[in-house]
Amino acid sequence: MTQTRKRDSGCFIGIDLGTTTTRIWLIADGTPIHRLAATAGARDTARDGNNNFIKSTLRDLIAQQQRKAAELGYEPGFVVGAGMLTSELGLAEIPHISGPAGKDLLQKSIVARIFPEVTSLPVFLVPGVRTGARGAQPWDSGTLDIMRGEETLCIGLLETGILAPGATLLNLGSHWKAIAIDGEGRIEKSFTDLSGELMLAAQTHTVLASAVPDQRPTHFDLEWVLHGVRGEKQSGLSRALYSVRMLELGAQTSALDRISYLIGSFISHTLTQLIAKSFVHDHVVVCGATGIVEAWKAALTEYGIEAKDHAEGTETAFIRGLIAISQPVIE
């Protein structure tokens, strides 16, 4: 009797494939009960010129989750995946849907596929979201934006009440992305830049490498973050970055001071764009690693904007989004 109840409980496997890491969960009764991860992602496909490594990794991870499910008396009925899994560098390219896009549209747009070389289970793929006018000329490309995975994160944050209709989400990974949610709880528009990657490049591959730590610290000196914000605001990003070199040569500063100034400069550069594009207002939620979230909150406060943080909580929200989007499949 217990075995039958568990098999009827909407048990499935959820996947998030990123640039470098794949995470996979066994989910039952609306709760993740087992987690696996592997160092495999879209970057491997880009490097290899094919997705064979992604397929073999997914095959192994899904098989492991099926064995774990059997131990616990569950039987997964399908797989649901989002993120770069649905790109040309993942398992299969699924076209973006156009915003505004909320939970209902994402549920209707989920795509079912069969990948016998990966699993015998049906696979449901959550499409990414495109915002801005299609067919824009290169000089208008600033109006266009795309996401894969963040749409699922947004739905999860909306479902839990962390993100509210009319708010903006700042998601701070290797890319920094602002996502505006309209009054109906739909993804209205987004804006992405490469500041996360550019900061790493400046930190490790420029003359600034001797001035700052080679690894990003878990926390920053917020006073020096604000010095960087003000320096960029006064002189622009390129000069603010050069100021890090000047701080190394001529001031009594630590490596932590200088990298805090560096990140403040990048934050100011991005924040100026977000304000100009009307992304930032009174209701902002910031997601990412604790240190970067704290730095962004300090910069937002400098601009008179109060933000709510959700540091280190993105995985739970992503899973909640997967569950919400796949609800029609579960039922």
Side-chain angles (χ1 to χ4, degrees), residues 100 131 142-143 145 147 150 153-154 157-158 160-173 175-196 198-199 202 216-241 243-244 247 253 256-314 317:
T131 60
T143 65
D145 210 68
M147 66 183 75
E150 291 90 355
L153 173 62
C154 283
L157 291 171
L158 285 162
T160 56
I162 294 167
L163 192 63
T168 293
L169 172 68
L170 293 178
N171 192 41
L172 308 170
H175 298 170
W176 290 356
K177 188 182 293 286
I179 305 170
I181 307 298
D182 69 13
E184 298 179 36
R186 303 175 301 178
I187 296 167
E188 179 183 12
K189 60 180 180 177
S190 61
F191 177 85
T192 309
D193 74 14
L194 293 179
S195 287
L198 290 175
M199 187 171 69
R216 188 175 300 178
T218 57
H219 295 278
F220 298 92
D221 184 306
L222 298 185
E223 181 179 355
W224 278 96
V225 168
L226 294 181
H227 285 322
V229 169
R230 295 162 190 155
E232 191 283 331
K233 194 174 181 180
Q234 181 179 38
S235 303
L237 179 61
S238 182
R239 175 61 191 183
L241 297 185
S243 296
V244 175
L247 289 171
T253 58
L256 178 62
D257 296 338
R258 295 189 290 269
I259 197 169
S260 298
Y261 187 101
L262 178 77
I263 194 170
S265 301
F266 276 109
I267 289 172
S268 178
H269 179 73
T270 299
L271 185 52
T272 299
Q273 297 297 313
L274 296 182
I275 291 172
K277 295 177 182 296
S278 302
F279 273 90
V280 179
H281 42 71
D282 293 337
H283 304 287
V284 178
V285 175
V286 189
C287 281
T290 300
I292 191 74
V293 166
E294 290 174 347
W296 260 93
K297 286 182 66 180
L300 288 164
T301 300
E302 176 80 357
Y303 279 78
I305 301 163
E306 187 173 348
K308 178 170 64 173
D309 70 75
H310 193 56
E312 309 289 6
T314 55

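Just the heavy atoms: all of them, side chains too, but no hydrogens, waters or symmetry mates, feed the values below. Predicted model, so just to flag it, every value in this text is computed and none were measured.
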Worksheet item: Are Lys233 and Thr272 side-chain neighbours, meaning at least one heavy-atom pair lies under 4.5 Å?
Response: no
Practice prompt. Mark yes when over 12 heavy atoms from residues, nucleotides or ligands other than His283 sit less than 6.0 Å from its NE2; otherwise mark no.
Written response: no
Fill in: Close side-chain approach of Gln273 to Asp193, heavy-atom, < 4.5 Å
no
Worksheet item: So how far is it from Ile292 CD1 to Ile263 CD1, rounded to the nearest 0.5 Å?
Response: 2.5 Å
Item to complete: Answer whether the closest heavy-atom distance between the side chains of Asp309 and Trp296 falls below 4.5 Å.
Response: no
Fill in: Side-chain heavy-atom pair Ile179, Leu163 within 4.5 angstrom cut-off
no
Discussion item. For the CE atom of Met199 and the CZ atom of Arg216, what is their distance to the nearest 0.5 Å?
Written reply: 3.0 Å
Discussion item. Determine whether a donor-acceptor pair (N or O, by modelled atom type, separation under 3.5 Å) exists between the side chain of Asp182 and the backbone of Glu188.
Written reply: no
Worksheet entry | Within-4.5 Å side-chain heavy-atom neighbours: Leu271 and Trp176 | no
Practice prompt. Measure the spacing between CD1 of Ile267 and CG of Leu172 and express it to the nearest 0.5 Å.
Written response: 8.0 Å
Item to complete: For residues Glu302 and Arg230, determine if any side-chain heavy atom of one lies less than 4.5 Å from a side-chain heavy atom of the other.
Response: yes
Worksheet item: How far does OG1 of Thr270 sit from CD1 of Ile275, to the nearest 0.5 angstrom?
Response: 11.0 Å
Worksheet item: Going from CG on Leu157 to SG on Cys287, what distance comes out if it is rounded to the nearest 0.5 angstrom?
Response: 5.0 Å
Discussion item. If you define the side chain from C-beta out and look only at heavy atoms, does anything of Leu170 sit under 4.5 Å from Phe279?
Written reply: no
Worksheet entry | Donor on one side chain, acceptor on other, Thr168 and His281, under 3.5 Å | yes
Worksheet item: Is a side-chain N or O of Ser268 found less than 3.5 angstrom from the main chain of Val229, in a donor-acceptor match?
Response: yes
Response to the item:
Smallest heavy-atom separation, Thr314 atom then Gly288 atom, equals CG2-N, 4.4 Å
Discussion item. For Leu241 and Phe266: C-alpha separation, side-chain torsions, deciding distance, then whether side-chain contact (heavy atoms from CB on, under 4.5 Å) applies.
Written reply: CA-CA 9 Å; Leu241 297 185; Phe266 276 109; 3.8 Å; yes
Worksheet item: How long is the gap from OG on Ser190 to CD1 on Ile181, to the nearest 0.5 Å?
Response: 9.5 Å
Item to complete: May I ask you to check whether Asp221 and Ser260 show a side-chain donor-acceptor distance below 3.5 Å?
Response: no
Practice prompt. Locate the shortest heavy-atom distance separating Gly161 from Lys308; write the atom from each residue and the value.
Written response: O-NZ, 4.1 Å
Worksheet item: Can you tell if the side chain of Leu247 reaches within under 4.5 Å of the side chain of Asp257, non-hydrogen atoms only?
Response: no
